[in-house]
Amino acid sequence: MSDDSDDGYCLIDATRPPKAEGPPYAECVLCRKPTEYPQAYKGITLCPVCEWQEAQRTACSG
């Protein structure tokens, strides 16, 4: 494994929805604030704050 790889130690699939060009934005599924993602996106969307908090909760320790 090379040092310049983005793979790291975590094996969690961290795919994200495409960012919206403008309104309307999808609501965060946790706090219901607007996200950076399009309203038409089907799936879980999180606002930047909840996304960061979720990343902290699920971060790999090592």
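What you see below is based on every heavy atom in this structure, not just the backbone, and it leaves out hydrogens, waters and symmetry mates.
Shown here are the side-chain hydrogen bond (donor to acceptor under 3.5 Å, both in side chains) partners of E54, two or more places apart in sequence or in another chain: R57.
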Could you go through residues 23-34 and list every donor-acceptor pair under 3.5 Å that involves a side-chain atom there, pairing it with any protein atom two or more places apart or in another chain?
unit_1: E27; atom_1: OE1; unit_2: R32; atom_2: NH2; d: 2.9

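Across every non-hydrogen atom of L46 and Y37, the tightest pair is O-CE1, 3.6 Å.
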